There are 2 protein chains.
Amino acid sequence: MSELYAARRTRLRDRCAAAGDAAALVSRPANVRYLTGCAPPGAAVLLGPDGDRLLCERPLSGDPAEGTPAEDLEVTVLPTREGDPVVAGADLAARAGADSLAVEEHHLTVARHRALAQVAPRLRLADLACAVEQQRFVKDEEEIACLRIAAEITDQALGELLESILVGRTERHLALELERRLVDHGADGPAFPTSVATGSHAGRPEHPPTDRRVEEGDFLSVRLGANYRGYRCEIGRTFVIGTTPADWQIELYDHVFAAQKAGREALAPGVECRAVDRAAREVLEAAGYAEHLGPRTGHGVGLEIDEDPRLSPAAMGKLDACVPVTVEPGVHLPGRGGVRIDDTLVVRPEADGGPELLTITTKELLAL
Amino acid sequence: MSELYAARRTRLRDRCAAAGDAAALVSRPANVRYLTGCAPPGAAVLLGPDGDRLLCERPLSGDPAEGTPAEDLEVTVLPTREGDPVVAGADLAARAGADSLAVEEHHLTVARHRALAQVAPRLRLADLACAVEQQRFVKDEEEIACLRIAAEITDQALGELLESILVGRTERHLALELERRLVDHGADGPAFPTSVATGSHAGRPEHPPTDRRVEEGDFLSVRLGANYRGYRCEIGRTFVIGTTPADWQIELYDHVFAAQKAGREALAPGVECRAVDRAAREVLEAAGYAEHLGPRTGHGVGLEIDEDPRLSPAAMGKLDACVPVTVEPGVHLPGRGGVRIDDTLVVRPEADGGPELLTITTKELLAL
């Protein structure tokens with residue numbers, strides 16, 4: 001594994017060198033984790049003339065959820081709580097003879113950037129911009145393996161809940177129950193705050209769980225995901241509570257299912273992101289739901305639950321093989337409820353069977 | 001309540017005017033909440049020449065945990081997801097004729113600050129620094145009332161757990177159970193990730209819960225807190241599992257109890273923060289535990305779980321009446337366990353009875 005992290009750092013270092021920067025300082029937590037295997041709070045990783053170094057505010061906690069630093073990486077813990085790892089990194093880079101340092105201007109605050117400039121006034125500060133995020137776009141097989149496990153854990157947690165009694169329980173309790181089961185099945189934690197939405201809440205794109213109780217006849221939509229070794233996936237399913245869905249529920253479900261299927265089937269290397277969004281969106285527009293749609297159909301996942309690419313009408317990029325994304329269209333009818341169906345898939349060439357579905361819980365409309 | 005928020009904004013506006021700034025843009029979430037009653041993700045509040053305005057990235061979610069904006073406050077939701085409220089705020093300020101704008105340089109990234117400067121090139125950008133945090137230091141009675149309720153909820157959740165069976169349960173499960181009970185008793189959520197540490201983990205200052213099971217004879221230390229309307233408090237208690245604590249456990253507990261008592265009794269308006277730390281620390285140093293102590297004895301609480309003041313050896317400030325703080329000394333003996341005792345109190349004048357204890361769960365050593 002150490003070689004993996006070292007190779008990622010080398011690739012970044014080469015890119016910086018090509019841009020004229022002898023050194024780089026990475027501080028966004030997901031990016032630090034990508035390059036070193038761990039992301040203690042406040043840590044930064046310096047890719048400097050003298051080699052690579054992880055700078056921490058305090059001793060590593062041993063919390064497995066924080067990850068473990070690659071064995072060959074130098075780790076420096078700053079004394080007491082007074083130091084800023086980013087300032088320490090700039091100081092080290094300057095002393096090692098770097099004349100320029102690329103930093104993450106989309107992460108560092110103005111105050112920290114000034115402190116950095118003050119400690120190393122002769123260092124030319126450049127912008128690393130989203131170089132690490134771009135490197136993270138295409139996942140390697142180890143990363144996809146973690147996402148597969150995260151999806152398995154997620155499917156297990158959801159599956160167990162479906163076997164339990166739901167009527168009468170609150171959205172909040174169901175969400176907490178799901179999160180407990182994620183951890184029981186081996187997750188480091190939930191990938192994001194679990195959403196459970198029942199009755200007229202169902203299908204809302206972002207619904208924080210409330211004390212509303214599940215009732216017979218409700219649509220119930222849930223959205224959850226596991227964080228496994230930092231890798232986060234996501235699943236969303238909608239069910240009907242009780243024995244027989246109403247006609248309007250079956251009809252709405254069929255439309256959203258068709259839209260999500262169209263979105264999934266549009267995934268292939270080289271396809272424009274906006275085309276995937278279009279494929280799902282036009283099914284729902286044709287069914288008359290244009291005003292009830294959200295701004296986007298899906299997004300990338302990895303060390304963050306919401307990464308590039310974004311599958312939206314204005315998205316400018318294209319997909320590649322080994323890019324994991326969600327496809328999660330939905331319709332919410334205020335006062336009535338709605339349906340949202342969400343999978344995590346990995347883009348694969350058609351010759352290899354098309355997109356790899358990670359979240360395999362059935363998408364058939366279940367009456368629970 | 002609207003008048004409360006308007007008064008806070010007026011006080012901040014007056015301070016900026018005195019510093020020569022006609023307008024201010026606040027973006028740190030806790031500060032936005034303090035000034036407006038709510039803090040939707042990414043929102044910013046502009047105190048401009050034309051009045052005050054809350055700028056949001058998206059429509060308010062209705063999540064009570066996000067708060068509710070003061071009724072008299074103008075709220076603007078930016079179209080789609082393309083806008084940055086901070087950039088929109090700068091644009092509005094410039095159009096309203098402000099010649100300077102104070103921003104939170106300890107919050108805004110370099111990239112956002114550049115975008116702001118680009119949209120309003122004639123606006124002189126100044127640093128608001130920690131003006132809002134300073135205003136938040138002394139709490140008013142409404143804030144203290146929220147902290148009292150948060151503490152009550154926290155005591156209830158802890159009390160219920162103490163009546164349940166603990167042996168054989170994992171740290172993780174106990175932590176999740178405590179968090180569920182916080183929500184059941186009315187919390188918006190936990191104030192911070194709950195810590196449960198058993199056996200040789202006990203007494204660690206920051207211990208993320210593991211799958212370790214509680215056993216007879218263990219020290220068990222827990223640390224939890226409720227978030228009520230944004231206000232966060234904290235309690236920490238250490239217990240012994242089983243019928244009879246060992247002599248070394250009783251002795252260690254007595255020392256930490258005495259240190260925490262000394263820290264609590266040192267709290268008074270006008271007292272130096274480092275003196276409170278000293279009062280607790282010297283008890284433990286005299287007992288021979290100098291190398292096992294943490295860097296600080298406590299910290300302020302409010303809309304954030306960790307605020308000014310910091311009660312540490314190098315702290316420069318003084319306490320005031322109506323400042324809520326934690327007093328949380330502890331000793332961790334690697335391989336054996338330890339004790340940590342943590343209360344949230346409000347500094348009050350001696351004439352009013354001295355510090356007001358919010359977290360009232362007994363501090364007597366209980367064998368559970």
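Convention: sequence-line order gives letters A, B, ...; per-chain numbering from 1. All values reported here derive from a predicted model rather than from experimental measurement.
- If you measure heavy-atom distances from His173(B) to chain A, the contacts under 4.5 Å come from the side chain alone.
- Evaluation of the side chain to side chain contact (heavy atoms under 4.5 Å, CB included) rule for His332(A) yields Arg204(A), Pro334(A) as partners, not counting sequence neighbours.
- Val110(B) pairs by the side chain to side chain contact (heavy atoms under 4.5 Å, CB included) definition with Glu105(A), His113(A), Arg114(B), not counting sequence neighbours.
- Contact count against chain A (heavy-atom pairs under 4.5 Å) is highest for Pro208(B) among Pro209(B), Pro208(B), Ala65(B).
- Taking Arg213(B) as the reference, Thr170(B) meet the side chain to side chain contact (heavy atoms under 4.5 Å, CB included) condition, with sequence neighbours excluded.
- Heavy-atom neighbours of chain B within the stretch residues 176-186 of chain A, taken at a separation under 4.5 angstrom, comprise Leu176(A), Arg180(A), Val183(A), Asp184(A).
- Contacts with chain B were tallied for His207(A), Glu66(A), Arg172(A), Glu104(A); Arg172(A) has the most, counting heavy-atom pairs under 4.5 Å.
- Heavy-atom contacts from other residues, nucleotides or ligands closer than 6.0 Å to CZ of Arg229(B) number 12 or fewer.
- Ranked by heavy-atom pairs shorter than 4.5 Å toward chain A, the options Thr210(B), Asp211(B), Leu108(B) are led by Leu108(B).
- The part of His107(B) that comes within reach of chain A is its backbone (N, CA, C, O), which places non-hydrogen atoms under 4.5 angstrom from that chain.
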